[in-house]
Amino acid sequence: MLFFMSIASYIKDDLAVRLQTGRELPQQLTLDSLAEMYNVSFTPIRAAVAELIDEGLLAKGPNRRLVANSPVKKEGSVIQAAQLPEPPRDPFDVISRDLIQMSLEGVPLYLREEVTAEKYGVSRSMIRNVLHRLAGEGILDHIPRRGWRLRPFRQVDLQSYVEVRESLELTALNLSLDRLDPAELQRLLDLNVLPEQPGESLRIDESLHTYLIETANNSYIKEFFERQGRYYRLLFQWEDHEFSVAVETIRQHREILTALLNRDWAAARAALSFHILKNHPILTGIEQSSVKSTDCES
């Protein structure tokens with residue numbers, strides 16, 4: 001698992017610097033104290049400690065404790081000047097991408113906190129925080145005494161959602177026409193930059209949709225997207241990792257924004273409608289699993 005390797009490598013490098021430079025460490029070096037210090041499970045700690053023992057920076061002591069081997073310090077050495085490494089990125093991104101892939105299988109799945117924490121090499125408290133955040137995004141439901149139920153992707157649900165989304169966003173656009181700020185529209189246009197060459201790093205700005213919904217000032221439209229849109233927003237962000245899809249999304253955003261800046265309302269409506277209904281080539285092409293919807297555990 002990529003994230004496990006990342007956190008284990010970080011812990012190993014961080015401990016190496018601390019051991020070599022005399023930086024702060026738990027008073028008693030044990031697997032438990034290190035797991036508490038880094039807020040992770042024992043799995044990445046064991047991997048990091050094993051490497052440090054092989055390198056001679058740690059040794060096994062009595063009562064399951066670890067003993068730090070004092071390095072030979074030379075004044076002004078690189079070791080003494082070494083900086084602590086940057087912590088790895090938030091596991092939320094890694095776990096959410098994995099769960100999206102599992103959701104796309106279309107089969108309900110129950111996740112156990114203990115098993116999931118061990119899989120990603122993080123603590124129970126950290127995995128619980130991540131799962132609560134994902135529940136807030138609509139991809140998980142917490143079921144008492146069962147764990148966390150992953151929401152299965154359904155083509156029929158996607159089609160129903162985009163149809164309602166199109167209707168409500170077009171309504172939001174109509175309600176916003178007299179309130180649209182040209183300066184804000186130009187800012188949004190400037191944020192959607194097409195690449196100059198294939199493979200160039202892209203950053204898609206989706207705030208056009210939020211701007212229209214907020215400017216419409218209709219609480220019922222806002223409530224629909226707050227309650228129903230989060231799960232699909234995660235799916236759409238996942239889909240936009242495909243370069244060709246991302247480029248087309250940016251192009252369509254620019255078409256909508258250009259029409260709005262030109263006050264060509266008919267063109268803006270047509271472009272917005274097409275963008276919502278037709279811009280999901282990967283998701284609409286997913287074939288649902290032939291396995292019936294049965295609960296299973298991971």
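Remember, it's a predicted structure, so these values are computed and weren't measured experimentally.
No donor-acceptor pair under 3.5 Å is formed between the side chain of Arg112 and the backbone N or O of Trp148. In this structure, the side chain of Ser96 engages the main chain of Asp93 through a donor-acceptor pair within 3.5 Å. At distances below 3.5 Å, not a single donor-acceptor pair connects side-chain atoms of Thr30 with backbone N or O atoms of Arg65. With hydrogens and angles disregarded, no donor-acceptor distance shorter than 3.5 Å links the side chain of Asp157 to the backbone of Phe153. Counting only distance, with no hydrogens or angles, the side chain of Ser160 and the backbone of Val156 share a donor-acceptor pair below 3.5 Å. Without hydrogens or angle criteria, His241 side chain to Trp238 main chain gives a donor-acceptor distance under 3.5 Å. Judged purely by atom type and a 3.5 angstrom limit, Arg23 has no side-chain atom pairing as donor or acceptor with the backbone of Leu19. Side-chain atoms of Gln252 do not come within 3.5 Å of backbone N or O of Asn279 as any donor-acceptor pair.
Distance check: Leu34 CG to Leu58 CG gives 8.0 Å after rounding to the nearest 0.5 Å. Distance CZ/Arg154 to CG/Leu104: 11.5 Å, rounded to 0.5 Å. Atoms OG1 and CG, from Thr284 and Leu277 in turn, are 11.5 Å apart once rounded to the nearest 0.5 Å. In this structure, Arg254 CZ and Leu191 CG are separated by 10.5 Å, a value rounded to the nearest 0.5 Å. Here the straight-line distance linking atom OG1 of Thr249 with atom CG of Leu208 works out to 11.5 Å at 0.5 Å rounding. Taking CD1 from Ile276 and NZ from Lys278, the interatomic distance works out to 12.5 Å, rounded to the nearest 0.5 Å.
The closest side-chain heavy-atom distance from Leu180 to Leu212 is below 4.5 Å. For the pair Asp32 and Phe42, the minimum side-chain heavy-atom distance is below 4.5 Å. In this structure, Leu15 and Ile11 have side chains that are in contact, with non-hydrogen atoms separated by less than 4.5 Å. Under the 4.5 Å side-chain criterion, counting only non-hydrogen atoms from C-beta, Thr210 is not in contact with Phe225. Looking only at side-chain heavy atoms (C-beta outward), His253 and Asp205 stay at 4.5 Å or farther from each other. Inter-residue side-chain proximity for Ser33 and Gln28 is flagged as unmet; no heavy-atom pair is nearer than 4.5 Å. Using a 4.5 Å cut-off on side-chain heavy atoms (C-beta onward), Ile286 and Leu158 make no contact. Arg233 has its side chain out of reach of His209: every pair of non-hydrogen atoms, C-beta onward, lies at least 4.5 Å apart.
The neighbour count for Gln186 CD, taken as heavy atoms of other residues, nucleotides or ligands under 6.0 Å away, is above 12. Within a 6.0 Å sphere centred on CZ of Arg263, heavy atoms belonging to other residues, nucleotides or ligands number 12 at most. Atom CD of Glu114 has 12 or fewer neighbouring heavy atoms from other residues, nucleotides or ligands inside a 6.0 Å radius. Within a 6.0 Å sphere centred on CG of Asp54, other residues, nucleotides and ligands contribute more than 12 heavy atoms.
Hydrophobic clustering (ILVMFWY, side-chain heavy atoms < 4.5 Å, transitive): Val247 and Leu257 are in distinct clusters. One hydrophobic cluster holds both Tyr232 and Val164 under the rule that ILVMFWY side chains link at heavy-atom gaps under 4.5 Å. The hydrophobic cluster containing Leu175 also contains Leu168, counting ILVMFWY residues as joined when their side-chain heavy atoms lie under 4.5 angstrom apart, directly or transitively. Grouping the Ile, Leu, Val, Met, Phe, Trp and Tyr side chains by contacts below 4.5 angstrom, directly or via other members, places Phe236 apart from Leu202. Ile282 and Phe243 are not part of a single hydrophobic cluster, where members link through side-chain heavy atoms under 4.5 Å apart.
Defined by atom type and a distance below 3.5 Å, a donor-acceptor pair is missing between the side-chain atoms of Gln159 and Glu163.
Asp14 has a carboxylate O that lies under 4.0 Å from a charged side-chain N of Arg18, or vice versa, which qualifies the two as a salt bridge. Using a 4.0 Å cut-off between charged nitrogen and carboxylate oxygen, Arg133 and Glu137 do not count as a salt-bridge pair. The pair Lys12-Glu55 meets the salt-bridge criterion, since a charged nitrogen lies less than 4.0 angstrom from a carboxylate oxygen. Taking 4.0 Å as the cut-off between side-chain N and carboxylate O, Arg227 and Glu223 count as a salt-bridged pair.
Here the closest non-hydrogen pair linking Asp240 and Ala246 is O-CB, 3.3 Å.
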Could you give me the CA-CA distance, side-chain angles and deciding distance for Lys222 and Glu214, then say whether salt bridge (Lys or Arg N to Asp or Glu O under 4.0 Å) is met? CA-CA 7 Å; Lys222 289 174 63 176; Glu214 292 291 336; 3.6 Å; yes
